[in-house]
K.L.:
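Please see the structure below; I have some questions.
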Amino acid sequence: QAVMASEHNNGGWKAVNNFLSRAMGWLPARVALATLAWLGFINLHMARVNLSVIIVAMVKRNTSHTVHAQCHAADNGTLDGAEDDIRRHLSDDITYGDEEDAEFEWDVTTQGLVLGCFYYGYAMTQVVGGRLAEVYGTKWVFGVCVLAGGVGSILSPPAARLHYGALIALRVVQGLIQGASWPSMHACVARWIPPLERPRFIGIVYFGSLSLAWCLLWFSTMYNSPAEHPR
């Protein structure tokens, strides 16, 4: 049964591969690799920094402030009536803003741990990731890194509701796995890309040269409203 299940899975992958080969056979393999790697790094970056953005809405912040304005007496005493009126209005307590409608009551230390724990794990697998790619291949190492980012992002809300310690543990594990992503791509570059093409490939995948192509398409095809569109 295990052999039959394995053959069935291999058949499924072959069917997908055959479909993609027929549909995208015109695209050079190294261009497809660069595009997929670039999109993969975008996903990794979003999974890494998303918590830094959404924690603003997750954590309760008390934004109510009480301001006591003071008015000093004038020397000439000619404006005593107006001065008393100003003092009466300005010395009133000025309250603005309500407590944020958020779910978690974490202090600054807890928030720092939640945000920083990812990088504790991320720094530990930088060297290991390259070796893993040499042994198991970039396909699986880099793919698992992207998969871990997606799964970790999905599990983050229930982990945070369970306990902030669970979220910290999840982020550490996510960082451990994703730390292998950049080194694993180096092993792929060494196998796939000829030496003279490596600077161009690295410039496209690592430093976002494809962003320039995106900007070209965006600014040439994007319109602010349907009324501005030529069609």
K.L.:
First locate atom CG of N43, then atom SG of C145, and finally report the distance between them rounded to the nearest 0.5 Å.
P.N.:
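It is 12.0 Å, given to the nearest 0.5 Å.
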K.L.:
Side chain to side chain contact (heavy atoms under 4.5 Å, CB included), that's the test. Do I55 and Q111 meet it? Break it down for me.
P.N.:
CA-CA 8 Å; I55 197 171; Q111 295 180 50; 4.1 Å; yes
K.L.:
First locate atom CD of Q174, then atom OH of Y122, and finally report the distance between them rounded to the nearest 0.5 Å.
P.N.:
11.5 Å
K.L.:
What's the separation between atom CE in M222 and atom CD in E228, rounded to the nearest 0.5 Å?
P.N.:
9.0 Å
K.L.:
Is it the case that more than 12 heavy atoms not belonging to Y119 sit under 6.0 Å from its OH atom?
P.N.:
yes
K.L.:
Quick one: which residue pairs count as a side chain to side chain donor-acceptor pair (under 3.5 Å) with a foot in residues 155-165, not counting sequence neighbours?
P.N.:
E103-R161
K.L.:
Taking all non-hydrogen atoms of both residues into account, name the closest pair between M124 and L176 and its distance.
P.N.:
CB-CD2, 4.0 Å
K.L.:
Closest approach of W140 and Y136, non-hydrogen atoms and distance?
P.N.:
CD1-O, 3.7 Å
K.L.:
Has the side chain of R191 got a donor or acceptor atom that lies under 3.5 Å from a matching backbone atom of E134?
P.N.:
yes
K.L.:
In Å, rounded to the nearest 0.5 Å, how long is the span from CG of N50 to NE2 of H45?
P.N.:
10.0 Å
K.L.:
Give a yes or no on whether the backbone of C117 and the side-chain of R171 come within a donor-acceptor separation of less than 3.5 Å.
P.N.:
no
K.L.:
What's the verdict on side chain to side chain contact (heavy atoms under 4.5 Å, CB included) for W182 and F142, showing C-alpha distance, side-chain angles and the deciding distance?
P.N.:
CA-CA 8 Å; W182 286 88; F142 190 79; over 6 Å; no
K.L.:
Counting heavy atoms not belonging to N224, are there more than 12 under 6.0 Å from its CG?
P.N.:
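Check fails, neighbour count at 12 or below.
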K.L.:
With distance as the sole test, does T138 use its side chain to make a donor-acceptor pair with the main-chain N or O of S184 at under 3.5 Å?
P.N.:
yes
K.L.:
Taking the side chain from T125 and the backbone from I177, do they hold a donor-acceptor pair closer than 3.5 Å?
P.N.:
no
K.L.:
Which pair of heavy atoms, one from A180 and one from G129, lies closest together, and at what distance?
P.N.:
CB-CA, 3.5 Å
K.L.:
Out of curiosity, L113 CG to Y120 OH, how far, rounded to the nearest 0.5 Å?
P.N.:
6.0 Å
K.L.:
Provide the closest heavy-atom pair for M185 versus A37 in the form atom of the first, atom of the second, distance.
P.N.:
CE-CB, 3.7 Å
K.L.:
Return the CG to CG distance between L51 and L170, rounded to the nearest 0.5 Å.
P.N.:
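Here the interatomic distance stands at 10.0 Å.
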K.L.:
Do P194 and R30 have side chains that get closer than 4.5 Å, going by heavy atoms?
P.N.:
yes
K.L.:
Which heavy atom in G130 sits nearest to a heavy atom in P183, and how many Å separate them?
P.N.:
N-CB, 3.3 Å
K.L.:
Are T110 and F104 close enough that some pair of their side-chain heavy atoms sits under 4.5 Å apart?
P.N.:
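Of all side-chain heavy-atom pairs linking F104 with T110, none is under 4.5 Å.
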K.L.:
Would a 4.5 Å heavy-atom cut-off, applied to side chains only, mark V146 and Q178 as touching?
P.N.:
no
K.L.:
Under a 4.5 Å side-chain heavy-atom rule over Ile, Leu, Val, Met, Phe, Trp and Tyr, are I154 and V151 clustered together?
P.N.:
no
K.L.:
Do R48 and F118 meet the cation-pi criteria used here (NZ or CZ under 6.0 Å from the six-membered ring centre, within 45° of the axis)?
P.N.:
no
K.L.:
Could you tell me if the side chain of K60 sits less than 4.5 Å from the side chain of W106, heavy atoms only?
P.N.:
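Not in contact.
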